[in-house]
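Given the structure is predicted, the values throughout are model-derived calculations rather than measurements.
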Amino acid sequence: MFGELRGLNEECGVFGIWGNENPAQLSYYGLHALQHRGQEGAGIVVKDGKQFRAVKGEGLVNDVFSEGKLEGLKGQAAIAHARYTTAGGGGIENVQPLLFRSSTGSLSIAHNGNLVNANHLKQHLERQGSIFNSTSDTEVLAHLIKKSTYPTFLSKVKNALTLLKGAFSILMLSEEGLIVARDQNGLRPLALGKLGDSWVVASETCAFDLIGAEFVRSVEPGELIVINDSGVKSDRFVEPAKRAMCAMEYVYLARPDSEIGGINVHMARKRMGKTLAKECAHIEADVVTGVPDSSISAAIGFAEESGIPYELGLIKNRYVGRTFIQPTQELRERGVKMKLSPVRQVVQGKRVVMVDDSIVRGTTSRRIVKMLKEAGAAEVHVVISSPPMTDPCYYGIDTSSSEELIASSHSVEEIRDAIGADTVTFLSVEGMVESIARQHEGPERGLCLACFTGKYPTEIFPDTILPHEKELIR
């Protein structure tokens with residue numbers, strides 16, 4: 001993807017399968033479908049009876065699982081993970097799934113999201129003698145399970161999950177089976193599917209489409225699912241709280257062919273573009289173009305509603321990998337042009353509407369506007385298919401401070417001046433909510449809008465572990 005969130009990186013993707021003779025190979029394909037959610041590392045853990053085997057590494061899925069790497073991963077079940085660094089930082093020790101071995105059995109965990117109370121739990125566990133092998137917040141869960149004195153493994157898991165605060169869609173592979181859990185607000189997506197007699201779980205339904213699986217349903221907030229040879233059993237580790245699916249999944253993070261909460265992502269983005277066109281009907285222009293890839297759907301919607309023709313005014317070079325920070329401004333500008341190029345014949349002499357999904361820091365928007373004007377655009381009107389991002393995210397997107405967000409300290413006019421556009425228009429919060437989840441009830445329609453409104457659905461960074469929580473860690 002290449003929306004303004006190039007400066008705001010995606011979360012992680014998880015995939016799991018139970019009851020298949022080729023779990024590693026199908027997990028590999030599942031991770032390919034989820035590659036947009038994380039490009040820093042990938043891993044697969046396969047279960048064969050009581051034996052657990054793992055392959056993981058840093059880099060893209062193709063790089064990690066080169067020829068021959070999957071041949072030794074035999075079994076009937078697997079979980080897999082495509083990583084983008086959130087809490088804990090990078091390094092091979094933080095690449096998931098994490099695998100833990102002990103005298104009482106093995107456990108592997110893959111996690112999408114971010115635990116806002118991980119540091120406090122970790123400090124408490126360390127005082128009790130726990131030693132951590134990684135800096136990942138995911139490892140906290142394994143220690144909580146191991147420390148628990150509840151009688152059965154599943155009761156230990158339930159107890160541990162009740163202590164986690166924040167966003168999590170978690171897959172665990174144990175001798176009990178494939179265990180699936182989602183936080184009580186449903187902040188991160190998680191879907192259940194079927195492939196023949198096999199059960200599959202993934203962050204997005206696009207992974208099911210790639211392997212030919214059928215989407216069954218979404219995992220519910222607060223739900224705990226156990227999948228093993230006896231079938232699928234649904235339970236709860238906590239009652240659901242106010243539903244708050246991350247709105248940025250629809251704006252940017254998810255693939256447009258995925259369905260999240262019964263809503264197709266492409267159609268939601270297209271509706272956002274249409275609503276945006278209604279909200280800025282005063283703009284007069286000759287051509288509409290979208291910043292590839294996540295803004296294309298909104299640009300199509302904007303063009304349809306406004307009647308202004310849609311054109312491919314910006315082309316993404318899909319064969320350019322990561323570019324390192326260059327030592328001079330000239331080389332940094334050239335690095336952007338390697339990834340994105342204007343089509344001079346489309347924009348020259350034209351009043352251009354440039355549709356993007358968001359403005360985070362503003363640096364990339366400024367460079368794209370500059371490229372369009374250098375290619376001859378007479379005017380560049382930047383329209384954004386989401387509201388201004390004014391508040392940090394603590395649930396798995398890497399804006400943990402307001403200083404990283406230009407809209408937290410600048411007005412719309414100041415942003416316009418900073419990026420060099422002729423006009424800048426953001427979609428209203430109400431317009432975004434109505435476009436995404438119009439079939440749901442309530443003012444927020446079951447969405448987390450924290451990065452736009454500063455209203456967080458969970459407690460953020462609790463100062464201490466509460467007394468009743470100390471009693472629960474037993």
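- One finds a salt bridge joining R243 and E220 here, because a Lys/Arg side-chain nitrogen approaches an Asp/Glu carboxylate oxygen to under 4.0 Å.
- Residue D357 is tested with S295, S386, S297, S385 for a side chain to side chain donor-acceptor pair (under 3.5 Å); the sole match is S295.
- Side chains of T364 and L340 form no contact here, defined as non-hydrogen atoms less than 4.5 Å apart.
- Of the possible polar contacts, none joining the N185 side chain to the L187 backbone as a donor-acceptor pair under 3.5 Å is found.
- When side chains are defined from C-beta on, M389 counts as touching F452, because their heavy atoms get closer than 4.5 Å.
- Note that the CD1 atom of I368 and the CD1 atom of I419 stand 9.5 Å from one another [nearest 0.5 Å].
- Closest non-hydrogen pair, S27 versus I44, comes out as CB-CD1, 3.9 Å.
- In the displayed structure, Y29 atom OH is contacted under 6.0 Å by at most 12 heavy atoms of other residues, nucleotides or ligands.
- No side-chain heavy atom of L121 sits under 4.5 Å from any side-chain heavy atom of L115.
- Taking the ring axis of F132 as reference, the NZ or CZ atom of K122 stays within 45° of it and closer than 6.0 Å to the ring centre.
- Across every non-hydrogen atom of L34 and C206, the tightest pair is CD2-SG, 4.3 Å.
- Without hydrogens or angle criteria, R236 side chain to P221 main chain gives a donor-acceptor distance under 3.5 Å.
- In this model, a donor atom of one side chain and an acceptor atom of the other lie less than 3.5 Å apart for H32 and N62.
- Ion pair E434/R445 flagged as a salt bridge, since at least one NZ, NE, NH1 or NH2 atom sits closer than 4.0 Å to an Asp/Glu carboxylate oxygen.
- Using a 4.5 Å cut-off on side-chain heavy atoms (C-beta onward), Y395 and I460 make contact.
- Relative orientation of the Y456 and Y394 rings is tilted, given thresholds of 30° and 60° on the angle between their planes.
- Side chain of D356 to main chain of I384: no donor-acceptor pair is present (N/O by atom type, distance under 3.5 Å, no hydrogens or angles).
- Formation of a donor-acceptor pair under 3.5 Å by the Q39 side chain with backbone atoms of Q35 is found in this model.
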Next item on the list: Start with the C-alpha distance between V14 and H81, add both sets of side-chain angles, then the distance that settles side-chain contact (heavy atoms from CB on, under 4.5 Å), and finish with yes or no.
Entry: CA-CA 5 Å; V14 296; H81 190 271; 3.6 Å; yes

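- Under a 4.0 Å N-O distance rule, the pair E223/R217 qualifies as a salt bridge.
- Within a 6.0 Å sphere centred on NZ of K194, other residues, nucleotides and ligands contribute more than 12 heavy atoms.
- One N or O on the side chain of S408 and one on the backbone of S402 form a donor-acceptor pair closer than 3.5 Å.
- Atoms CD1 and CZ, on I145 and F100 in that order, are 9.0 Å from each other to the nearest 0.5 Å.
- Not a single donor-acceptor pair under 3.5 Å links the side chain of K56 to the backbone N or O of Q96.
- In this structure, P387 and M432 have side chains that are in contact, with non-hydrogen atoms separated by less than 4.5 Å.
- Using a distance-only test at 3.5 Å, with no hydrogens or angles considered, no donor-acceptor pair links the side chain of K158 to the main chain of L224.
- Side chain of S358 to main chain of V360: no donor-acceptor pair is present (N/O by atom type, distance under 3.5 Å, no hydrogens or angles).
- Under a 3.5 Å cut-off, the side chain of E204 and the backbone N or O of S258 do not form any donor-acceptor pair.
- The backbone N or O of S134 sits nowhere less than 3.5 Å from a side-chain atom of N94 that would complete a donor-acceptor pair.
- Looking only at side-chain heavy atoms (C-beta outward), L154 and D235 stay at 4.5 Å or farther from each other.
- A salt bridge is defined here as a Lys NZ or Arg NE, NH1 or NH2 lying under 4.0 Å from an Asp or Glu carboxylate O, and E249 with R188 meets this definition.
- Across all non-hydrogen atoms, the minimal contact from V226 to E176 is CG1-O, 4.2 Å.
- Minimum interatomic distance between S155 and Y150 (heavy atoms only, all atoms of both residues): OG-CB, 3.3 Å.
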